[in-house]
Every structure is written in structure tokens, then in C-alpha cells.
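Please read all numbers here as calculations on a predicted model, not as lab measurements.
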Amino acid sequence: MQVLYVEDDPIAREFIQKGVENAGIRVDLAPDVATGIELAHSRAYDVLILDVMLPDGDGFALLKDLRFAGIQTPALYLSARTAVADKVRGLEVGGDDYLPKPFALAELIARIHALARRRWEVPAGERIRVADLELDLATRRATRAGRPIDLSPRQFALLEYLLRNCGHAVSRSMLTENVWGHGFESRSNAIDVQINYLRQKVDRDFEVKLIHTMKGFGYILEDRDSASDPPKEN
């Protein structure tokens with residue numbers, strides 16, 4: 001799991017990063033709104049942790065911009081501002097949780113896990129669709145233009161991750177962490193092999209290709225003929 005923590009206080013950043021990473025959660029740090037927005041657009045995080053008062057704006061405006069851009073990553077506010085009005089505003093602009101300071105580190109970690117689980121829970125009948133490619137997450141079936149695609153469990157997980165991050169480049173290390181898990185050697189060619197298998201199954205028989213290589217970085221799934229519309233879930 002990986003989170004983005006936007007906080008301008010270096011002491012708070014260090015304390016949270018150390019405590020959360022000791023719980024097995026990787027943390028990227030941003031000291032201001034501009035850096036937070038840049039990082040949130042650069043990769044897919046499981047949870048965002050946002051301070052409210054920041055040197056170039058506030059966490060409310062930051063999250064509002066991200067939601068407007070289509071980034072729906074669960075967001076937790078971590079702030080010394082405890083007024084009900086602040087909590088209400090944070091939730092109204094798209095926040096999922098609000099934890100006032102001071103707080104217990106164990107509670108913060110529990111809330112991070114709860115938000116991450118909520119993101120990946122699969123309601124009955126939920127589907128993800130990009131162009132004519134669709135995944136039924138409940139039945140674990142994939143189709144393109146209505147034609148079934150036979151995928152192994154690993155290939156399904158890989159395709160699901162690419163679809164959930166449609167339009168965003170994903171690195172090999174991201175695939176390692178989120179599809180293969182800890183202990184897998186990302187420098188092996190297993191990821192490239194599985195991507196090639198997916199291309200054979202997803203793109204080979206179709207004029208429009210959806211899985212693309214980002215040279216020197218990783219891969220991206222997007223419908224380039226449709227301006228990379230975000231995936232649709234229902």
C-alpha cells in the first residue's frame with residue numbers, strides 16, 4: 001500500500017512517515033499544494049492524507065482540484081482545526097474521513113487501512129469499462145466488444161490494476177507492489193511477459209490498441225482514440 005501525505009511541518013512529516021512506514025505502508029511526502037497535486041497526478045495512491053493549512057493554499061482546495069480532475073483516491077484530513085464547519089467542508093469537497101490532531105498513531109493506521117479496503121471492495125455487479133473493454137469484478141470475467149477474454153488470475157489482477165489507473169502511467173515497481181506483492185523481483189522479465197500475454201488477448205484482434213509501453217518507465221492503458229476517457233464503473 002502507498003499513501004501520499006501533504007503536510008508543510010517537517011517534524012509532523014517525519015513522525016507520520018516513520019510511524020506509518022513501520023506499519024508496512026509506503027509514504028510519499030509533499031510540503032505544499034503544488035507538489036501534492038503534481039504527485040497525485042503522477043501515480044496511483046491508495047490513500048491521500050491531507051493537512052488543511054498549507055503555505056500555498058489549503059487541503060480543501062487541493063482535494064477539490066483533484067476530484068475535478070477525476071482522481072477519486074480516498075482522502076483523509078489530518079488537521080488541528082477541529083471545528084464542525086471545517087469537518088463538514090472537508091467532506092463536502094470530497095474527503096472521506098477527518099481525524100483531528102492530536103491523534104493516536106494506531107488510529108491513523110487503522111483509518112488508512114479502512115479507506116484502502118473501501119476503495120477496493122467490489123459490490124455485486126460492479127464493472128469497470130474503458131472503450132469496449134469491460135471487467136466484471138464480481139464474476140472475475142473480462143470481455144472486449146462482448147467477446148470473452150480468457151485470463152489467468154494474475155492476468156486479471158494485472159488488467160484490473162491497469163484499468164483502475166486508466167490514463168496514468170504505471171511503473172514496474174507499482175505493478176510489483178500492487179499485483180505481485182512484496183518479495184517479487186521487479187527486475188525479472190515476468191512483468192513484461194504477462195503484459196505481452198495481455199496484449200495478445202486484449203489488443204491483438206482489434207484495430208484500437210489499449211495497452212501501451214511508456215519507454216523507460218512502464219505501461220499505460222488508455223483509449224487514445226477517445227482522448228483517454230476515465231474508466232467507468234457501475
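- With sequence neighbours excluded, no residue forms a salt bridge (Lys or Arg N to Asp or Glu O under 4.0 Å) with Arg204.
- Looking at residues two or more places apart in sequence or on another chain, you find no side-chain hydrogen bond (donor to acceptor under 3.5 Å, both in side chains) involving Arg141.
- With sequence neighbours excluded, the residues that form a side chain to side chain contact (heavy atoms under 4.5 Å, CB included) with Val193 are Asn189, Tyr197.
- Grouping Ile, Leu, Val, Met, Phe, Trp and Tyr by side-chain contacts under 4.5 Å, direct or through others, puts Val84 with Val88.
- Residues passing the salt bridge (Lys or Arg N to Asp or Glu O under 4.0 Å) test with Asp56: none are found, sequence neighbours excluded.
- Donor-acceptor pairing under 3.5 Å is lacking for the side chains of Asn165 and Tyr219.
- Sorted by first and then second residue, the pairs that involve residues 57-71 and meet side-chain hydrogen bond (donor to acceptor under 3.5 Å, both in side chains), not counting sequence neighbours, are Arg67-Asp96.
- Under the side-chain hydrogen bond (donor to acceptor under 3.5 Å, both in side chains) criterion, no residue pair touches residues 8-18, with sequence neighbours excluded.
- Annotation: side-chain hydrogen bond (donor to acceptor under 3.5 Å, both in side chains) contacts of Arg111 (sequence neighbours excluded): Asp97, Glu107.
- The other members of the hydrophobic cluster of Met214, by chain and number, are Phe217, Ile220 (side-chain heavy atoms under 4.5 Å, ILVMFWY only).
- Residues passing the salt bridge (Lys or Arg N to Asp or Glu O under 4.0 Å) test with Glu207, sequence neighbours excluded: none.
- Applying the salt bridge (Lys or Arg N to Asp or Glu O under 4.0 Å) rule to Asp32 yields no partners; only residues at least two apart in sequence or on another chain are considered.
- Evaluation of the ring pair (Phe, Tyr, Trp, His ring centres under 6.0 Å) test over residues 48-100, restricted to residues two or more places apart or in two chains, returns Phe60-Tyr77, Tyr77-Tyr98.
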